[in-house]
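Keep in mind that this is a model prediction, so the values were computed, not measured.
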Amino acid sequence: MWSLFLRDIRLSIRAGGGALTGVIFFLAVIATIPFGVGPDLNLLARIGPAILWIGALLACLLGLDRLFQADREDGSLDLLVLGNDRHMLALTVLTKCLAHWAGSVLPLVIAAPLLGLFMNMEPIGIGATALTLLVGTPAITFIGAAGAAVAVALPRGGLLISVLVLPLTIPVLIFGVSASYGAVADPDPFLQPFLILAALTLFLAVLGPVAAALALRHGAD
Amino acid sequence: MRLIAENLGGERGGEAVFSGIGFALEKGQALIVTGPNGAGKSTLLRVVAGLLPVAAGRLLIEGGHADFPSVASACHYLGHQNAMKMALSVVENLRFWRDFAGADFLSAEEALETVGLDGIGHLPFGYLSTGQRRRAAIAKLLVSRRPLWLLDEPTAGLDKASEGRFGELMRKHCGEGGIIIAATHLPLGLEGAQALVMGRVE
């Protein structure tokens, strides 16, 4: 399993891996918002956490279609599925998800504090948003894996995956943003939505890979 | 170890591709599957591997013990694609499959030497020619031990010398008690192999 993790990380940072595409897309979204919204610093600070979360969510979805498709195209996916007796397929999928998250999504979380400055956010708000992103984005990857497994055979599955996955990510977005606001707006709680966000991630870490494994198993042709 | 198929049928997308296929392979035996394009050779191999469901009949493996309880766990599947990553070096690819498949056999370097690719293990897989890629994929069969080899046109793109070397590898595998099922259009140099000719389903 560790070797699969390392392989996927290596692939994401080598040529054509697309580890940076997400970060650049994230940067592009966040950098254009102040021009569109206007120079109202208070307004920017108020919508900052939400914009960061939406930007990160969309950037997460960007690379998901390649999660299994690249392996399918070169025949590796067949061998990963055949390895089911040695490595349960759901665990293989979980490993691929973690590698995808570490390779493509973790850079977004690291970039988020810098981009928070663009939105004139307070340091504590930036910290809270980065923390919620750190805890919440794996959930998006796990849901996305199920979508990517369903659409693996389709040549242009990217948009379909986004449409399939986006409604399911809404709870993650809601609790992520409300925890981020909870850290800056006084009466709102931080801990409760944050814990629910963590619970969502843990729950989906089980459900997503199992669903994806099921789809991959029956999608082979 | 025995591999037995009785009255096996396979389908793709709900349409029957072949039916009524039967064979029994003992230790050290090989089965060469031939037939026109579209006869279902690749589908048969995928059904045997367990990548496609068995539509009719039975497929069972006997004497695999705890190590190889199912066909999927006992087989190396070499499909049309080589299952190697273009961006990784040949050795990195082989090391990954060695770790992932378990049951270590040869090291990545030894396996490359066996297929005549020593000295280019450090190159990215994408830099290799078609024949060299196929040979690297064949080296993948050697890095971990599996009794059953399922080969889908294994010699496509190989030159004469490599074909000969691969024939030797297959004979050695059978000699050690392995089983081979190969779908092919070209003679593979396996004497005493059973033959299965597939035709279109009428």
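Distance check, rounded to the nearest 0.5 Å: CD of B:Gln81 to CZ of A:Arg72 gives 8.5 Å.
Within a 6.0 Å radius of CD in B:Glu15, other residues, nucleotides and ligands contribute 12 heavy atoms or fewer. Within a 6.0 Å radius of CZ in B:Phe105, other residues, nucleotides and ligands contribute more than 12 heavy atoms.
Considering only heavy atoms from C-beta on, B:His76 stays 4.5 Å or farther from A:Leu79 through its side chain. For the pair B:Trp97/A:Ser76, a side-chain contact is recorded, criterion being any heavy-atom separation below 4.5 Å from C-beta on. With contacts defined as side-chain heavy-atom distances shorter than 4.5 Å, the pair A:Asp74/B:Asn82 does not qualify.
The pair A:Arg7-B:Asp99 does not count as a salt bridge, with every side-chain nitrogen at least 4.0 angstrom from each carboxylate oxygen.
For B:Met84, the part lying near chain A is the backbone, with the side chain staying farther off; criterion is any non-hydrogen pair under 4.5 Å.
The two residues B:Phe100 and A:Leu4 have their closest heavy-atom pair at CE1-CD2, 4.4 Å. Shown here for B:Ala49 and A:Leu82, the closest heavy-atom pair between the two residues is O-CD2, 3.2 Å.
For residues 140-154 of chain B, heavy-atom neighbours of chain A at less than 4.5 Å comprise B:Lys140, B:Arg146, sorted by residue number.
In this structure a side-chain-to-backbone donor-acceptor pair under 3.5 Å is present from A:Arg86 to B:Ala101.
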